[in-house]
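Presented below is the structure to which this report refers.
Read the numbers this way: they start at 1 and go in the same order the structure lists the ligands and their atoms.
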Amino acid sequence: MITMKDIIREGHPTLRKVAEPVPLPASEEDKATLKSMMEYVQNSQNPEIAGMYGLRPGIGLAAPQINVSKRMIAVQVPDGKGDIISYALFNPKIVSHSVEKSYLTAGEGCLSVDREVPGYVPRYARVTVEGTTLEGESVKLRLKGLPAICFQHEIDHLNGVMFYDHINDANPYEPIDGVPIER
Ligand SMILES: O=CN(O)C[C@@H](CC1CCCC1)C(=O)N1NCCC[C@H]1C(=O)Nc1ccccn1
Ligand code: NI
């Protein structure tokens with residue numbers, strides 16, 4: 001199982017690489033890796049398991065964070081309307097997005113960043129993501145709210161982008177003309 005010792009931290013070069021597409025149909029190894037990533041996200045949201053293994057809670061994880069430079073992400077996130085969005089995807093891609101922006105009013109963090117980096121992270125308010133599931137099914141997800149923010153954070157990791165790359169250094173809390181999302 002993945003624990004915090006498997007998660008690489010800022011400064012590790014893999015976090016700044018553009019990850020490679022996963023050849024499909026996925027190999028048994030790539031499927032096992034993606035399953036273990038979703039297992040981490042789910043374990044980290046279970047206080048008993050997270051406490052037992054010292055897991056930092058996460059609503060998403062990208063393969064580069066466990067030093068696997070491949071285009072795979074796992075997300076399990078409440079949608080703010082009582083449902084949980086849970087997807088493990090190979091080769092996720094934002095195929096369209098709103099002009100309108102959105103941001104977490106509490107700012108963002110990252111399991112690969114052991115420090116607070118204050119400021120608003122401007123994201124698209126709505127994104128359409130295509131990808132392939134563990135079962136080999138092509139999916140097209142139309143996302144908004146926290147799920148949209150989370151998928152953008154994870155797909156950024158596949159392109160070597162960290163959340164703080166988006167923060168306005170001159171004025172981290174510069175008002176963003178968009179949809180604020182309370183945590
Ligand atoms: O790449 C993946 N990661 O780095 C894990 C990150 C991904 C999220 C950060 C912002 C959007 C996606 C993660 O989940 N966290 N970051 C550090 C510790 C807290 C935790 C978090 O933000 N939790 C959360 C947020 C909103 C509502 C409920 N819980
Ligand atoms: Ni992250």
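In terms of protein heavy-atom proximity, atom 20 (C) of ligand 1 is closest to P57 O, 3.5 Å. Protein heavy atom in closest approach to atom 4 (O) of ligand 1: L111 N, 2.9 Å. Remark: minimum distance from atom 14 (O) of ligand 1 to any protein heavy atom is reached at I59 N, 2.8 Å. In terms of protein heavy-atom proximity, atom 7 (C) of ligand 1 is closest to E154 OE2, 3.6 Å. Taking atom 23 (N) of ligand 1 as the reference point, the nearest protein heavy-atom neighbour is R183 NH2, 3.6 Å.
Looking at V113 against ligand 1, nothing comes within 4.0 Å, counting heavy atoms.
Ligand 1 places these atoms under 4.0 Å from at least one heavy atom of E108: 10 (C). Near R56, with a cut-off below 4.0 Å to any heavy atom, the atoms of ligand 1 are 17 (C), 18 (C). Those atoms of ligand 1 with a heavy atom of H157 less than 4.0 angstrom away are 1 (O).
For atom 3 (N) of ligand 1, the nearest non-hydrogen atom from the set P64, G80, S44, G60 belongs to G60. The heavy atom nearest to atom 9 (C) of ligand 1, considering only C110, G109, A148, is found in G109.
The hydrophobic cluster containing M38 does not contain I49, counting ILVMFWY residues as joined when their side-chain heavy atoms lie under 4.5 angstrom apart, directly or transitively.
For ligand 1, one of its N or O atoms has an N or O atom of Q65 under 3.5 Å away. Polar contact with ligand 1: present for H153 (N/O pair, distance under 3.5 Å). Looking at L104 next to ligand 1, no N or O pair under 3.5 Å apart turns up. The shortest N or O to N or O distance between C150 and ligand 1 is not below 3.5 Å. When only interatomic distances are considered, the shortest N/O to N/O separation between S112 and ligand 1 does not fall below 3.5 Å.
In this structure, NE2 of H157 and NE2 of H153 enclose an angle of 100° at the Ni ion (ligand 2), rounded to 10°.
Annotation: Y87, atom OH; neighbour count of heavy atoms from other residues, nucleotides and ligands within 6.0 Å does not exceed 12. The 12-atom threshold is not exceeded at CG of D177, counting heavy atoms of other residues, nucleotides or ligands nearer than 6.0 Å.
Going from atom OG1 of T133 over to atom CG of L34 covers 9.0 Å, rounded to the nearest 0.5 Å. Here the straight-line distance linking atom CD1 of I85 with atom CG of L146 works out to 9.5 Å at 0.5 Å rounding. Residue I59 holds its CD1 atom at 7.5 Å from CZ of R183, rounded to the nearest 0.5 Å.
Between the side chain of R9 and the backbone N or O of Q65, no donor-acceptor pair lies under 3.5 Å.
A salt bridge is absent between E20 and R71; no separation between the charged side-chain nitrogens and carboxylate oxygens falls under 4.0 Å. Ion pairing between D30 and K70 holds under the 4.0 Å rule for side-chain N and carboxylate O.
In this structure, Y124 and H97 have parallel ring planes: the angle between them is below the 30° cut-off, well short of the 60° mark.
Remark: R115 is positioned above the aromatic ring of Y164, its terminal NZ or CZ atom under 6.0 angstrom from the ring centre and at most 45 degrees off the axis.
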